[in-house]
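What follows is a short report on a single structure.
All chains are named by letter (A, B, ...) in the order of the sequence lines, taking the proteins before the strands, and each is independently numbered beginning at 1. Values below: every heavy atom of this structure, side chains too, minus hydrogens, waters and symmetry copies.
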Protein chains: 2
Amino acid sequence: MTPTPDSDLQLLTQAALFDGLTEAQLHTIQQHATLVRVPRRTFFFHQGEAATTFYLLREGQVRLSQINPEGKQVIIHLFGPGDVLAVIVVLSNAPYPLSAEAITDCVAWAWNRETAVHLMEQCPRLAINGMDMVAGRFLELQNRYRELSTERVEQRVARALIRLIHQRNGYQEQKPYPLLSLTRQDLAEMTGTTLYTVSRICSSWEQQGLLEAGREQLHIHKLEELTTIADDLRPSPPNFPPRPN
Amino acid sequence: MTPTPDSDLQLLTQAALFDGLTEAQLHTIQQHATLVRVPRRTFFFHQGEAATTFYLLREGQVRLSQINPEGKQVIIHLFGPGDVLAVIVVLSNAPYPLSAEAITDCVAWAWNRETAVHLMEQCPRLAINGMDMVAGRFLELQNRYRELSTERVEQRVARALIRLIHQRNGYQEQKPYPLLSLTRQDLAEMTGTTLYTVSRICSSWEQQGLLEAGREQLHIHKLEELTTIADDLRPSPPNFPPRPN
DNA sequence: TTGTGTCTTTGCGCCAGCGCAATGAACGGA
DNA sequence: TCCGTTCATTGCGCTGGCGCAAAGACACAA
């Protein structure tokens with residue numbers, strides 16, 4: 001942890017989390033912020049530790065994952081710059097329910113529990129903004145939950161890729177699509193399936209020219225086709241022929 | 001909607017949502033509250049409608065569910081007295097992402113969007129309390145998501161029943177366990193499986209004496225045994241014999 | 001260059017769970 | 001009391017997806 005230089009404070013005030021706050025409030029927030037650097041493959045925090053700090057991510061990418069008693073890992077979310085980590089959990093002083101790992105080198109602002117609560121009590125607007133950001137995550141999780149329980153694997157993988165592209169692109173349709181760096185295993189843990197199945201699906205898509213698959217990377221060519229697959233409602237109907245190729 | 005009688009206002013102030021507020025704040029909140037009655041099998045709101053109101057449930061049970069484009073329904077949560085409905089979504093003025101149906105006759109307090117935002121800006125404590133309640137739901141959803149992607153159907157059904165009992169009991173271990181009123185279909189939609197599979201599982205459990213199954217109701221006898229099933233990690237190991245009966 | 005570790009692909013066997021279909025059981029209205 | 005409706009059960013066949021195993025492909029270090 002190092003004291004935050006002035007130049008960074010400028011950036012901080014632009015974050016969505018601090019939208020609509022007064023100059024004075026921003027100043028207080030800045031005073032209590034510390035800047036942390038978390039290198040690739042190390043952790044912001046581990047599942048089960050006491051939740052003492054919350055973060056606002058400035059640079060890098062973070063993987064939020066949960067491990068079940070059996071040792072299987074599940075990827076709950078991937079974060080990018082501007083996202084907040086552990087806002088909710090830091091209020092109730094429960095342990096972190098999951099782990100946050102830097103998948104690239106990261107820079108983030110951090111506040112500890114006490115200041116967080118204190119700040120929110122001072123600036124209701126901050127609490128509301130926080131809630132708003134949580135709301136977005138909540139909705140996404142709800143949708144993924146629904147998908148997981150109603151859709152087939154292929155659809156879920158397609159959706160995951162679409163989401164990743166949108167996240168990188170900020171929802172503007174721009175070609176060529178950015179290159180995604182993740183392992184088949186990652187993708188499996190994001191969609192509730194196995195490494196093998198993801199591999200098979202990617203191979204098949206590659207043959208159809210939808211994407212190029214490499215080691216730890218996927219390069220999407222035809223996002224529209226993926227959308228078609230994701231939205232294709234075909235619950236393996238018992239009487240239909242297995243669709244003509 | 002009817003104006004709220006004084007006797008009800010007493011009750012309102014005891015809700016967890018309003019913990020730690022001042023008399024004056026409570027008074028304002030009361031002034032803006034209206035009392036609504038929602039009969040069994042009717043809806044608080046439907047998925048897709050504009051989110052105009054948020055609710056604090058006083059009596060009854062509410063089913064939160066989402067329907068996917070294909071028409072399949074997924075039960076996200078069951079609410080009981082003291083729970084809040086639609087806190088998050090009412091802040092961002094998005095449409096309701098899911099539907100809320102009264103499964104028994106319900107009584108609830110309601111506030112509209114503008115007052116909700118206004119109140120939270122006035123009382124930060126209210127925003128924090130709201131966030132805290134959302135946090136609990138969030139954690140539960142995360143866990144269910146993990147379970148859905150890593151556990152077998154039997155375990156998930158067991159967990160669902162355990163959760164329902166705890167919810168009714170307020171986490172105190174008391175026998176005989178309360179009687180659960182829900183259809184096999186409901187249970188299937190809560191655990192991401194089918195009516196048939198749930199029925200088979202219940203039959204098997206009934207034979208083992210874990211519970212009594214009736215039309216739209218389940219009476220649990222041995223909750224501990226269910227816990228054993230839920231926590232039994234046995235990922236269908238390829239080399240182990242299929243466990244001796 | 002060779003080795004070592006990590007990531008990927010793919011054939012193959014297998015089974016948990018799906019979904020139909022047919023039957024049975026309980027409820028409620030007239 | 002009878003009938004229509006909704007809910008539950010269970011046999012049966014089938015398949016989507018799992019997971020092993022074995023073999024490539026690539027990256028990095030020595």
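One can place CD of B/E212 at 13 Å from P of C/dA26, the figure rounded to the nearest angstrom. As a whole-Å value, the separation of A/L195 CG from D/dC18 C1' is 11 Å. Remark: P of D/dT9 and CD of B/Q217 are 12 Å apart, rounded to the nearest angstrom. Look at OH on A/Y196: it is 11 Å from C1' on C/dT8, rounded to the nearest Å. Look at CG on A/L211: it is 15 Å from C1' on C/dT9, rounded to the nearest Å. Going from atom CD of A/E154 over to atom C1' of D/dG16 covers 11 Å, rounded to whole Å. Atom P of nucleotide C/dC27 and atom CZ of B/R40 are separated by 13 Å, given to the nearest angstrom.
Distance check, rounded to the nearest 0.5 Å: CZ of B/R146 to CG of B/L148 gives 11.5 Å. Atom CG of A/L187 is separated from atom OG1 of A/T193 by 9.5 Å, given to the nearest 0.5 angstrom.
At a cut-off of 3.5 Å, with distance as the only test, no side-chain donor of A/S203 or A/Q207 sits close to an acceptor on the other residue. In this model, no donor atom of one side chain and acceptor atom of the other lie less than 3.5 Å apart for A/N68 and B/E147.
Under the side-chain contact (heavy atoms from CB on, under 4.5 Å) criterion, B/R200 pairs with B/Y196, sequence neighbours left out. For B/R144, the salt bridge (Lys or Arg N to Asp or Glu O under 4.0 Å) criterion is met by B/E140, not counting sequence neighbours. The salt bridge (Lys or Arg N to Asp or Glu O under 4.0 Å) check on A/R63 picks up A/E101, A/D186, with sequence neighbours excluded. Contacts of B/D231 classified as salt bridge (Lys or Arg N to Asp or Glu O under 4.0 Å), with partners at least two apart in sequence or in another chain: B/R159. Checked against ring-ring contact (aromatic ring centres under 6.0 Å, His included), B/Y145 has no partners two or more places apart in sequence or in another chain. The side-chain contact (heavy atoms from CB on, under 4.5 Å) search around A/V62 returns A/F44, A/L57, A/F79, A/L85, A/A100, A/C106, not counting sequence neighbours. In this structure B/Q185 satisfies the side-chain contact (heavy atoms from CB on, under 4.5 Å) test together with B/T183, B/E189, B/L195, sequence neighbours excluded.
Residues from residues 198-206 of chain A with heavy atoms under 4.0 angstrom of DNA chain C, sorted by number: A/S199, A/R200, A/S203. Of the residues in residues 179-188 of chain B, those with a non-hydrogen atom less than 4.0 angstrom from any atom of DNA chain D are B/T183, B/R184.
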Distance-only donor-acceptor pairs under 3.5 Å for side chains of residues 212-223 of chain B, two or more places apart:
unit_1, atom_1, unit_2, atom_2, d
B/E212, OE1, B/H221, NE2, 2.9
B/H219, NE2, B/Y177, O, 3.2

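Between A/T197 and D/dC18 there is a side-chain N or O to OP1 or OP2 distance below 4.0 Å.
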Distances for protein N or O near nucleotides 4-6 of chain D N or O, under 3.5 Å:
unit_1, atom_1, unit_2, atom_2, d
D/dT6, O2, B/R215, NH1, 3.1
D/dT6, O2, B/R215, NH2, 2.8

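Across its full length, the helix from C/dT1-D/dA30 to C/dA30-D/dT1 shows an angle of 40° between the axes of its 5 terminal pairs at either end, rounded to 10 degrees.
A perpendicular orientation is assigned to the rings of B/F138 and A/F138, their planes being inclined by more than 60° (bins at 30° and 60°).
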